[in-house]
Asks: 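Take a look at this one; I'll ask things after.
Residue numbering restarts at 1 for every chain, and letters A, B, ... go by the order of the sequence lines.
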Protein chains: 2
Amino acid sequence: MDKDTDTAGQKRKTTWKKDPAAVKENILTIATEEFAAHGLSGANINEIARKTATSKRMIYYYFGDKEGLYQHVLERVYSSLRNEEQMLNVADLAPIPALRRLTEATFDSHVNNPQFIRLVMIENIHNAEYVKKSKSIPKLNKAIIDKLTDVCERGKASGVLRVDADPLELHWMTSSASFYNVSNMATFSTSFGDSLYTEQGQKRLRQRVVDMVLGTVVIGYQPDTPSSNCA
Amino acid sequence: MDKDTDTAGQKRKTTWKKDPAAVKENILTIATEEFAAHGLSGANINEIARKTATSKRMIYYYFGDKEGLYQHVLERVYSSLRNEEQMLNVADLAPIPALRRLTEATFDSHVNNPQFIRLVMIENIHNAEYVKKSKSIPKLNKAIIDKLTDVCERGKASGVLRVDADPLELHWMTSSASFYNVSNMATFSTSFGDSLYTEQGQKRLRQRVVDMVLGTVVIGYQPDTPSSNCA
DNA sequence: CTCCTTATGTACCTCTGGGTTAATTTGTCA
DNA sequence: TGACAAATTAACCCAGAGGTACATAAGGAG
């Protein structure tokens, strides 16, 4: 991985170690940054190569072409986020706290993974072409729906959730707010100021998202901020 | 604008009319499609030129360079959508119906303007760089906030809205759902099936968005679909 | 009619960026 | 220890895309 920049710099006797795993990982890390920053067509292979500790040839050696690299980047970032989501255990919480917890966790995980958001935006610009091609991504999406399904069933059984509460709709509502919060920060704050993107603004928004989601499925839900305006 | 493809095709005596407005409009229409489809870096000037009724030279004549063209496209599509929004008059509706109406209108206008959505997505990938540069766009965003402010004030005065109802937050909530609905259709339906993107699914979602938004600000709000699951 | 500005078409230039070729080093197994 | 595959480097190729030079037609003013 190291170039031998000899002091004399004459013989160019390069010496290096074989370390395919590290090289691949290094390439993917840099490529993720670049694709997330500039998109598929906007990212530049020469630039990616330059930022890695290895050479352009290695990118083609391991990933075939630009699209292959992008595909790997996409699958890697998807699986990383979904695994993070899978960590969360709400099976031992009552339905309403569980739902609150899931919503907050989704909101937070989006905030903490802007690269994922950007790559999904880019995928949508490409009509999800590469997500569709992927064999690994479809499997990853079951976990969150399963959790919501469980919560809904328990909630309906105990009578605290409306009978028309739907796991997929819940996921859609939570995702839409959480995703937009990150994806459209730039245009939104440019157009309307950044008051919702200060630390306090985000705190309030996070609470509002919980209220929004719970409000649609919890019978007789009342937000816990009854009257006062702001701190 | 018309090329004179002479039958003999020898003398190439091209004949054309001066029509700058139409040429510009034609270029912008095609460019909007191309930028919306492929992004700033993904769109191809030669391809845009080929699809217009004029030549590449004209693009540079009127818009300077690729970025200039993109900037014009962006401003044009922004002003088109915001003008559409401005048409809507809710001043003579009671606060709650007005809020419902505004929410529904936002949802619908997003569905009906996928190119706008795609260009805003692209802008966000570029960190709103070109929106920030624009002189015309900032002015366009006041209208919707003004309307929401009016509704909030009336609603609070008459006691039907919570005192912490905030116009900007309301706009954020409505936008997030409406925007995500269109922007992430490709990845969402790929991952979770297209049940929310059928005609019925969209109808239900639209209602849910209204319930979500009103639920956070209307005192004692109850969705009007009390118990049954689906038709 | 002539001149001038605006508008337009054609052909071309340049360089970037995705991708490749060929040669070299590393490590391993007989 | 020598051969062989895997890993890596450096240098190169070239199509294509952004952008330009140049010539010329359209249309209006005087």
Side-chain angles (χ1 to χ4, degrees), chain A residues 1-6 8-28 30-31 33-35 37-73 126 130, chain B residues 1-6 9-28 30-31 34-35 37-73 126 130:
Chain A
M1 266 171 64
D2 281 355
K3 269 178 216 154
D4 183 289
T5 4
D6 196 69
Q10 296 251 22
K11 279 275 172 180
R12 184 125 316 269
K13 182 201 287 187
T14 52
T15 178
W16 42 272
K17 281 267 215 40
K18 280 195 178 189
D19 195 353
V23 168
K24 272 196 262 191
E25 195 56 27
N26 177 232
I27 291 172
L28 284 174
I30 304 291
E33 289 168 16
E34 292 296 302
F35 282 126
H38 309 295
L40 174 50
S41 44
N44 183 325
I45 292 281
N46 290 314
E47 183 68 5
I48 293 173
R50 202 183 58 73
K51 291 189 178 175
T52 62
T54 179
S55 69
K56 178 161 71 158
R57 183 66 184 78
M58 285 294 90
I59 296 173
Y60 288 94
Y61 185 67
Y62 286 120
F63 303 102
D65 58 10
K66 197 185 190 186
E67 294 193 0
L69 179 59
Y70 173 76
Q71 179 95 29
H72 272 82
V73 162
H126 293 275
Y130 300 88
Chain B
M1 270 170 61
D2 281 355
K3 268 177 217 154
D4 184 289
T5 3
D6 195 72
Q10 297 250 21
K11 280 274 172 182
R12 185 125 316 267
K13 182 202 290 187
T14 53
T15 178
W16 42 271
K17 280 266 217 41
K18 280 197 176 189
D19 195 351
V23 168
K24 274 195 260 190
E25 194 55 28
N26 176 232
I27 291 172
L28 284 173
I30 304 290
E34 292 295 303
F35 281 125
H38 308 294
L40 174 50
S41 44
N44 184 324
I45 293 281
N46 290 313
E47 182 69 6
I48 293 174
R50 202 183 58 73
K51 291 189 178 175
T52 62
T54 179
S55 68
K56 179 161 70 161
R57 179 69 184 79
M58 286 293 91
I59 296 174
Y60 288 95
Y61 185 67
Y62 285 120
F63 303 102
D65 58 10
K66 196 185 189 184
E67 294 193 0
L69 179 59
Y70 173 76
Q71 179 95 29
H72 271 81
V73 162
H126 293 275
Y130 301 89

Asks: The side chain of A:S55 is closest to which nucleotide in this list: D:dT9, C:dG19, D:dG18?
Replies: D:dT9
Asks: Side chain of B:Y62 only, please: which of C:dT21, C:dA7, C:dG17 is the nearest?
Replies: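 Per side-chain heavy atoms of B:Y62, the pick is C:dA7.
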Asks: Does any non-hydrogen side-chain atom of A:L40 lie less than 4.5 Å from one of A:Y130?
Replies: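 Yes, side chains in contact.
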Asks: What nucleic acid atoms does A:A43 come within less than 4.0 Å of, heavy atoms only: base, sugar-phosphate, or nothing?
Replies: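 It contacts sugar-phosphate atoms only.
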Asks: Let me know the distance between NE2 of B:H38 and P of D:dA17, rounded to the nearest Å.
Replies: 11 Å
Asks: Using whole Å, what does the distance between atom C1' of nucleotide D:dA21 and atom OH of B:Y61 come to?
Replies: 15 Å
Asks: Within this structure, what is the CG-to-P distance between B:D19 and C:dG9, rounded to whole angstrom?
Replies: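 Rounded to whole Å, this separation is 12 Å.
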Asks: Quick one: are B:K24 and B:F63 in side-chain contact, heavy atoms under 4.5 Å?
Replies: yes
Asks: Which part of the nucleic acid, if any, lies within reach of B:A21 when heavy atoms closer than 4.0 Å are counted: base, sugar-phosphate only, or nothing?
Replies: nothing
Asks: How many Å lie between CD1 on A:I45 and P on D:dC12, as a whole number?
Replies: 21 Å
Asks: Calculate the interatomic distance between B:K56 atom NZ and D:dA21 atom C1'; express it in whole Å.
Replies: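 Atom NZ in B:K56 sits about 13 Å away from atom C1' in D:dA21.
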Asks: As a test of reading the structure: which of D:dG27, C:dT8, D:dG18 is closest to the side chain of B:R57, going by heavy atoms?
Replies: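 Side chain of B:R57 sits closest to C:dT8.
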Asks: From the set C:dT8, C:dT20, D:dG19, return the single nucleotide nearest to any side-chain atom of B:M58.
Replies: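 The listed nucleotide nearest to B:M58's side chain is C:dT8.
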Asks: Using only side-chain N and O atoms of A:T54, determine if any of them is under 4.0 Å from OP1 or OP2 of D:dT9.
Replies: yes
Asks: May I ask you to verify if any side-chain N or O of A:Y60 is less than 4.0 angstrom from the OP1 or OP2 atom of C:dT21?
Replies: no
Asks: Roughly how many Å is it from CD in A:E67 to C1' in C:dG18, rounded to a whole number?
Replies: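 Atom CD in A:E67 sits about 11 Å away from atom C1' in C:dG18.
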Asks: Roughly, in whole Å, what's the span from CG in B:N46 to P in D:dT20?
Replies: 14 Å
Asks: Over 60° means perpendicular and under 30° means parallel, so tell me whether A:Y70 and A:H126 are parallel, tilted or perpendicular.
Replies: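 Correct class here is tilted.
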Asks: Check whether any side-chain heavy atom of A:F35 lies under 4.5 Å from a side-chain heavy atom of A:K66, and answer yes or no.
Replies: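 A side-chain contact under 4.5 Å exists here.
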Asks: With nearest nucleotides of DNA chain C determined for A:N44 and B:P20 from heavy-atom distances, which residue corresponds to the more 5′ nucleotide?
Replies: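 Looking at DNA chain C, the more 5' nearest nucleotide goes with B:P20.
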Asks: Is it true that atom NE2 of B:H72 has more than 12 heavy atoms of other residues, nucleotides or ligands lying nearer than 6.0 Å?
Replies: no
Asks: Whole Å only: how far is the OH atom of A:Y70 from the C1' atom of C:dG17?
Replies: 19 Å
